[in-house]
Amino acid sequence: MTEDSLRSVTVERSGTGHFVATNARGGTIRFGGGSAPDSEFTPVELLLAAIGGCTAVDVDVATSRHAEPAGFTVKVTGTKVGDDLGNRMTDLAVTFTVVFPGGEGGDRARAILPRAVKASHDRLCTVSRTIEIGTPVTATVQDT
(Lines give C-alpha, C1' and ligand atoms only; values in the text may rest on other atoms or scores of the structure.)
Protein backbone atom coordinates (compact mmCIF):
# COMPACT_ATOMS: atom_id res chain seq x y z
CA MET A 1 0.00 0.00 0.00
CA THR A 2 1.46 3.35 -0.98
CA GLU A 3 1.03 6.63 0.83
CA ASP A 4 -1.05 7.87 -2.11
CA SER A 5 -3.55 4.99 -1.86
CA LEU A 6 -4.05 4.84 1.90
CA ARG A 7 -7.17 6.62 3.16
CA SER A 8 -8.15 7.00 6.80
CA VAL A 9 -10.41 8.79 9.22
CA THR A 10 -10.34 8.83 12.99
CA VAL A 11 -13.63 8.70 14.90
CA GLU A 12 -13.70 10.11 18.43
CA ARG A 13 -16.55 10.13 20.92
CA SER A 14 -17.65 13.67 21.74
CA GLY A 15 -20.50 12.73 24.09
CA THR A 16 -23.05 10.01 24.68
CA GLY A 17 -24.08 8.82 21.23
CA HIS A 18 -22.16 11.64 19.49
CA PHE A 19 -18.96 11.37 17.48
CA VAL A 20 -16.59 13.41 15.31
CA ALA A 21 -14.78 11.93 12.32
CA THR A 22 -11.55 13.68 11.31
CA ASN A 23 -9.71 13.09 8.05
CA ALA A 24 -5.97 13.34 7.44
CA ARG A 25 -6.36 16.94 6.17
CA GLY A 26 -8.11 18.06 9.37
CA GLY A 27 -11.66 18.14 8.02
CA THR A 28 -14.36 17.07 10.45
CA ILE A 29 -17.92 15.85 10.38
CA ARG A 30 -20.13 15.30 13.41
CA PHE A 31 -22.57 12.43 13.57
CA GLY A 32 -24.56 10.45 16.08
CA GLY A 33 -26.90 7.61 16.77
CA GLY A 34 -29.91 9.41 15.36
CA SER A 35 -31.95 9.91 18.49
CA ALA A 36 -34.48 12.74 18.19
CA PRO A 37 -34.27 15.73 18.18
CA ASP A 38 -30.65 15.52 16.98
CA SER A 39 -30.17 16.64 13.40
CA GLU A 40 -26.75 15.00 13.09
CA PHE A 41 -26.29 12.42 10.38
CA THR A 42 -26.40 8.78 11.42
CA PRO A 43 -23.70 6.39 10.20
CA VAL A 44 -26.19 4.90 7.70
CA GLU A 45 -26.98 8.37 6.34
CA LEU A 46 -23.24 9.01 6.01
CA LEU A 47 -22.98 5.80 3.97
CA LEU A 48 -25.76 7.02 1.67
CA ALA A 49 -24.09 10.44 1.44
CA ALA A 50 -20.76 8.79 0.58
CA ILE A 51 -22.37 6.83 -2.26
CA GLY A 52 -24.12 9.92 -3.60
CA GLY A 53 -21.14 12.19 -3.12
CA CYS A 54 -18.71 9.85 -4.82
CA THR A 55 -20.82 9.38 -7.93
CA ALA A 56 -21.82 13.07 -7.98
CA VAL A 57 -18.17 14.09 -8.20
CA ASP A 58 -17.57 11.68 -11.10
CA VAL A 59 -20.62 12.87 -13.03
CA ASP A 60 -19.96 16.55 -12.33
CA VAL A 61 -16.42 16.32 -13.69
CA ALA A 62 -17.64 14.65 -16.89
CA THR A 63 -20.58 16.97 -17.58
CA SER A 64 -19.66 20.41 -16.22
CA ARG A 65 -16.76 20.82 -18.63
CA HIS A 66 -19.45 21.25 -21.29
CA ALA A 67 -22.00 23.31 -19.34
CA GLU A 68 -22.53 24.54 -15.79
CA PRO A 69 -25.65 22.78 -14.47
CA ALA A 70 -28.62 24.92 -13.48
CA GLY A 71 -29.57 22.21 -10.98
CA PHE A 72 -27.73 19.12 -9.75
CA THR A 73 -29.29 16.79 -7.18
CA VAL A 74 -28.44 13.21 -6.31
CA LYS A 75 -30.88 11.27 -4.12
CA VAL A 76 -29.71 8.05 -2.52
CA THR A 77 -32.19 5.72 -0.87
CA GLY A 78 -32.11 2.31 0.72
CA THR A 79 -33.97 0.11 3.14
CA LYS A 80 -32.46 -0.74 6.53
CA VAL A 81 -33.22 -4.33 7.47
CA GLY A 82 -32.29 -6.69 10.27
CA ASP A 83 -32.47 -10.39 9.51
CA ASP A 84 -30.43 -13.59 9.80
CA LEU A 85 -27.52 -11.77 8.13
CA GLY A 86 -27.63 -8.96 10.70
CA ASN A 87 -28.35 -5.26 10.25
CA ARG A 88 -27.69 -4.01 6.72
CA MET A 89 -28.97 -1.90 3.86
CA THR A 90 -30.81 -3.30 0.87
CA ASP A 91 -32.34 -1.83 -2.27
CA LEU A 92 -29.75 0.93 -2.58
CA ALA A 93 -30.69 3.32 -5.38
CA VAL A 94 -29.04 6.46 -6.75
CA THR A 95 -31.18 8.92 -8.73
CA PHE A 96 -29.73 11.93 -10.56
CA THR A 97 -31.79 15.02 -11.36
CA VAL A 98 -29.59 17.34 -13.40
CA VAL A 99 -30.70 20.36 -15.43
CA PHE A 100 -28.43 21.96 -18.00
CA PRO A 101 -29.02 25.25 -19.81
CA GLY A 102 -30.07 25.40 -23.42
CA GLY A 103 -27.51 25.64 -26.17
CA GLU A 104 -24.74 23.54 -27.59
CA GLY A 105 -22.85 23.04 -24.30
CA GLY A 106 -26.03 22.05 -22.45
CA ASP A 107 -26.92 19.62 -25.24
CA ARG A 108 -23.49 17.98 -24.99
CA ALA A 109 -23.75 17.75 -21.20
CA ARG A 110 -27.25 16.19 -21.45
CA ALA A 111 -25.96 13.65 -23.98
CA ILE A 112 -23.00 12.73 -21.75
CA LEU A 113 -25.03 12.47 -18.53
CA PRO A 114 -26.30 8.85 -18.90
CA ARG A 115 -22.83 7.60 -19.92
CA ALA A 116 -21.21 9.47 -17.03
CA VAL A 117 -23.66 7.96 -14.52
CA LYS A 118 -23.04 4.47 -15.94
CA ALA A 119 -19.24 4.90 -15.90
CA SER A 120 -19.35 6.08 -12.31
CA HIS A 121 -21.52 3.14 -11.27
CA ASP A 122 -19.65 0.50 -13.27
CA ARG A 123 -16.04 1.47 -12.54
CA LEU A 124 -15.25 4.94 -11.14
CA CYS A 125 -17.04 5.46 -7.81
CA THR A 126 -14.83 3.84 -5.18
CA VAL A 127 -17.58 3.87 -2.56
CA SER A 128 -20.32 2.09 -4.51
CA ARG A 129 -17.80 -0.26 -6.18
CA THR A 130 -16.52 -1.30 -2.72
CA ILE A 131 -20.07 -2.02 -1.55
CA GLU A 132 -21.06 -3.93 -4.67
CA ILE A 133 -17.92 -6.03 -4.71
CA GLY A 134 -18.36 -6.81 -1.01
CA THR A 135 -14.98 -5.92 0.46
CA PRO A 136 -14.41 -7.58 3.86
CA VAL A 137 -14.08 -5.36 6.93
CA THR A 138 -11.91 -6.37 9.87
CA ALA A 139 -12.46 -5.09 13.41
CA THR A 140 -9.87 -5.37 16.18
CA VAL A 141 -9.25 -4.02 19.66
CA GLN A 142 -5.87 -2.41 20.23
CA ASP A 143 -4.21 -3.06 23.56
CA THR A 144 -3.87 0.10 25.67
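The structure displayed is predicted, hence computed values, not measured ones.
Take R30 and apply the salt bridge (Lys or Arg N to Asp or Glu O under 4.0 Å) test, not counting sequence neighbours, and it matches no residue. By the salt bridge (Lys or Arg N to Asp or Glu O under 4.0 Å) test, R129 pairs with E132, sequence neighbours left out. For I29, the side-chain contact (heavy atoms from CB on, under 4.5 Å) test picks out A21, L46, with sequence neighbours left out. Among residues two or more places apart in sequence or in another chain, the side-chain contact (heavy atoms from CB on, under 4.5 Å) test is passed with A67 by F100, P101, A109. By the salt bridge (Lys or Arg N to Asp or Glu O under 4.0 Å) test, E12 is found to be paired with no residue, residues two or more places apart in sequence or in another chain being considered.
Judged as a side-chain hydrogen bond (donor to acceptor under 3.5 Å, both in side chains), the pairs with a partner in residues 72-85 (not counting sequence neighbours) are, in order, D83-R88.
The backbone N or O of D4 lies less than 3.5 Å from a partner atom in the side chain of R7, making a donor-acceptor pair. Without hydrogens or angle criteria, S64 side chain to E68 main chain gives no donor-acceptor distance under 3.5 Å. Using a distance-only test at 3.5 Å, with no hydrogens or angles considered, a donor-acceptor pair links the side chain of T130 to the main chain of T126.
Summarising the geometry of A116 relative to A62, their closest heavy-atom pair is CB-CB, 3.8 Å, with the distance given to 0.1 Å. Nearest approach of A56 to V74, heavy atoms of both residues: CB-CG2, 3.8 Å. Closest heavy-atom contact between I131 and L92: CG2-CD1, 4.2 Å. Nearest approach of T42 to E45, heavy atoms of both residues: N-OE1, 2.8 Å.
Separation of the F31 and F19 ring centroids falls under the 6.0 Å cut-off.
Two different hydrophobic clusters hold V127 and L124 under the rule that ILVMFWY side chains link at heavy-atom gaps under 4.5 Å. There is a path of hydrophobic side-chain contacts, each under 4.5 Å, that joins F72 to I51.
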| query | What's the verdict on side chain to side chain contact (heavy atoms under 4.5 Å, CB included) for I112 and H66, showing C-alpha distance, side-chain angles and the deciding distance? | reply | CA-CA 9 Å; I112 290 168; H66 300 285; 3.0 Å; yes
| task | For side chain to side chain contact (heavy atoms under 4.5 Å, CB included), just list the numbers for L48 and M89, CA-CA rounded to whole Å, side-chain angles, deciding distance to a tenth of an Å, and then say yes or no. | result | CA-CA 10 Å; L48 298 176; M89 294 295 291; 4.3 Å; yes
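Side-chain contact between E40 and H18: present, with at least one pair of heavy atoms (C-beta onward) separated by less than 4.5 Å. With contacts defined as side-chain heavy-atom distances shorter than 4.5 Å, the pair D58/V117 does not qualify. The closest side-chain heavy-atom distance from S128 to C54 is not below 4.5 Å. Looking at V137 and T135, their side chains never come closer than 4.5 Å, going by heavy atoms from C-beta outward.
R123 and S120 share no donor-acceptor pair across their side chains, judged by distance under 3.5 Å alone.
Counting heavy-atom neighbours within 6.0 Å of F41 CZ, excluding the residue itself, gives a total of 12 or less.
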